[in-house]
Structure formats: C-alpha cells, structure tokens
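In what follows, a structure is listed as structure tokens, so that the remarks can point back to it.
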Amino acid sequence: MSKMKENRLKTILSYALRWLLPLAFTVLLVCYMFRKVDFAEMWGIVTHGVDYWWILAAMGLSVVSHVLRALRWRIQLNSLGIYPPLMALVCSIFGTYALNLVFPRLGEVWRCTYISRLEHKSFTEVVGSMVADRLTDAVMVLSMTLLAFVVAAPAIRAFLVKYPVGEGIVATLGSPWTWVVLLGACALVWAVVRFYRTYPPVEKALGWIREMWRGFASLGRMRGKGRFALYSVAIWGCYYTQLYVAFFAFPFTRQLCAEPSLAFGLVPCLVAFVLSSIGMAVPSNGGLGPWNIAVMFGLAVYGIDDAQGTAFSMLQWSGQTVMLIILGVYTMAYISLTGRRRTHGDKQDPSSIIKQ
C-alpha cells in the first residue's frame, strides 16, 4: 500500500513539475512585466495609432513558417522510410504549437505520436527524426545571436552600462578571472570525461551526447540535405520577418525603420528577435512572459519605453496566439474528418473484395 502511495506521489509531483511549474513561471513573469507599466498609456497605444493590417500580415507569415517546418520534417521522415501525407504533417505542426499554448513542450510529443500512429511506425523512430530538427534550430539561433552581437554591440553595451545589473555583466565579462574560471571548468569536464567515463551518470551523459551528434550528423547522409538547409533558412527568415513586419504597425517602432543608421530597423529587429528566441527556451504557456520581456528588453536598447514595449509585445503575441488557436481548431477538424474517412474506407474494403 505504501508503495502505491509512493508511486502516486511521484506521479503527482511529475505532473506538477511538468505543467504547474511553467504556469507559475508564466504568471510570475507576466506580473513582473506589468509591474512598472502605465496601463492607461499602454491601452492608448493599442487602441490608437496601430495599423492592424501589419499584425495580420505577421499572422499570415506565421502560417507560412509552419508549412515550411512541415516540409523540412518531411525530408527527415522520408529518409527513414516514413511517407505521411503533407497535409497531415502540416496539421501536426499546427497542432504542436496550439497545444503548447496550454501544455508547454507537450506539442512535440503529440505530433510524434500522431504521425507514428498514422503511419504505423515506431514512436521512437519518429522522435529520432526530431533530433536533427531541434539541433538545426539551435544552430540557427546561435548564428543569429552572434550576428546580433556583432552588428549591434555598441548599442547593447551602451544600454547595459546604464543599469547596475548591466554594469555587473559588462564588468564580469571583462574580468580575466571570468575566463580563468571558464577554462578551469572546461578542464574539469575534460578530466571527468577522461577518467570517470565508466561511472553511470557520466556514461549516460556521454551516451546522450553521442545520440545527439548522430542525429545531427545524419543530415549529411540524408537525401535532400540542400533543401533541408534552404527550408531552415526560410523558416527562421519567416520568424524574423514576422517581427520586422510588426514594427510597421506601431509609430514608435516605425520610426526605427526610418533610420538609415539602424539599417532601416533591421538591426533593432534582429536584437529583439534574438533575445525573444532565447526567451522561448524558458518553459511557459506559449512563450507568454519570457518572450514578451525579451522583446521589451530588445526594444529598450533603442529607447522604447516600458509601456510601448509592453503594448508591442502583447499585441504581437496576441495576434500569433489567435492564429495558433484557429490553426488548432482546423487541425482538430482535419484529424476528425480524415479519421472518419479512413474508418469508412476500412468498412467498405471487405464488401468491395467480395464483389470482385
């Protein structure tokens, strides 16, 4: 009986960590975001002077990015001998992001389950196809982050030194002791790997790293790797363009797009985009909280105040959320209709065979 209670407690704790912790993060970060915001000013920004056609254009670009992601995933699945219909793949992506609004990270599990059942393939095999997918996204974020710090280094540094936290970050990065500690940490990791590789935790970690590397290395062996790279650039190009298009919806960000010294808003958009992409790594419901704060921070580098930054981030996030809800409803309808057709087809097959 005690064993059953213990297992039940572990299950409850597991669900709490998986679902309640992201929700708590979301609530805390949203409270932090609105802590210093003048709601009257923010409401005035949202209700006056916003060109909502640009928000709609950004919503349309989000659909294009999801379709491109489905096309990219199809290349990986085909290399494994899995050939699902394109519309099923597109809806699996729609459903993933819609489900992540409620249950963070569950969408990825759902889409793999859906495709594995649809094609009668191993769930593990389908999940394996996502390793390279996620690693490629990480490489794209890293590349754009490095680019942002190159082209916008003066503005970022000038912004950081205005605040005590920023001054601390700059001082820490400039201290030689920081790099000594980093080198020491690297040496420690090397020593652990070199002399303790047979210990279970180390062995497990190395096995995980090897699996990740195999998944990434498989890109070089699969057919269509050129198209895979092209789709990757196109996906992240869509993400970036979504945010840049939204700049034209607000007077204060539209001014940034009129500045030749800021590459007509391309550099401020890149800074906000990179920070928001990193913010999405924080578990929350649909990115609410960390994504908004990251965008606000990126805009603040270029003089956009809290109320303006909050209005921009909340309206852009809300537009994308509405689009995901619509796509989620469409996905449910598609799965329901195709499921009925498949069931109907299965019932008709025996009679057609008898007639023949």
Side-chain angles (χ1 to χ4, degrees), residues 17 21-22 24-25 28-29 32-33 35 105 131-217 219-220 232 236 240 262-263 267-284 287 289-303 309:
L17 289 173
L21 190 60
F25 265 123
L28 287 173
L29 290 172
Y32 172 80
M33 180 172 61
R35 186 167 54 97
R105 306 294 182 253
V131 173
D133 186 87
R134 289 306 179 190
L135 283 174
T136 303
D137 287 339
V139 170
M140 292 299 298
V141 171
L142 179 60
S143 301
M144 297 185 81
T145 300
L146 293 174
L147 177 62
F149 276 94
V150 169
V151 300
I156 293 173
R157 185 180 178 86
F159 176 77
L160 286 175
V161 295
K162 289 182 181 179
Y163 298 91
V165 174
E167 290 177 359
I169 293 172
V170 172
T172 300
L173 292 175
S175 172
W177 287 108
T178 301
W179 302 103
V180 170
V181 171
L182 286 175
L183 287 173
C186 291
L188 179 61
V189 170
W190 177 86
V192 169
V193 172
R194 178 70 177 81
F195 300 107
Y196 298 95
R197 62 172 63 231
T198 57
Y199 279 62
V202 178
E203 192 174 15
K204 186 175 180 180
L206 290 174
W208 179 78
I209 292 171
R210 280 193 292 268
E211 287 297 319
M212 294 285 283
W213 173 250
R214 284 195 201 102
F216 191 71
L219 291 177
S232 298
W236 285 89
Y240 173 77
L262 299 176
V267 173
C269 181
L270 179 62
V271 172
F273 175 74
V274 164
L275 292 175
S276 67
S277 299
I278 295 171
M280 286 298 290
V282 179
S284 67
W291 186 90
N292 304 79
I293 291 171
V295 169
M296 289 168 59
F297 186 88
L299 294 176
V301 172
Y302 296 93

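This chain uses plain numbering: 1 for the first residue, then up along the sequence. Note that the coordinates shown come from a computational prediction; the quantities given were computed from them, not determined experimentally.
Using a 4.5 Å heavy-atom threshold, the side chains of Tyr302 and Val267 count as touching. Counting heavy atoms from C-beta on, the side chains of Leu270 and Val151 come closer than 4.5 Å. Side-chain contact between Asp137 and Trp236 is present, with heavy atoms from C-beta onward closer than 4.5 Å. Side-chain contact between Trp190 and Cys186 is absent, with no heavy atoms from C-beta onward closer than 4.5 Å.
Only one option out of Val141, Val139, Thr145 pairs with Ser143 in a side chain to side chain contact (heavy atoms under 4.5 Å, CB included); it is Val139.
Within the model, atoms CG of Leu142 and CG of Leu135 stand 12.0 Å from one another, a figure rounded to the nearest 0.5 Å. A distance of 11.5 Å separates CZ of Phe273 from CG of Leu147, quoted to the nearest 0.5 Å. The CG atom of Leu299 sits 9.0 Å away from atom SG of Cys269, with the distance rounded to the nearest 0.5 Å.
Shown here for Ala148 and Val274, the closest heavy-atom pair between the two residues is CB-CG2, 3.9 Å. Among all heavy-atom pairs drawn from Ser232 and Thr136, the shortest one is OG-CG2, 3.4 Å. Contact record, Pro290 with Gly279: CB-O, 3.3 Å, taken as the closest heavy-atom pair.
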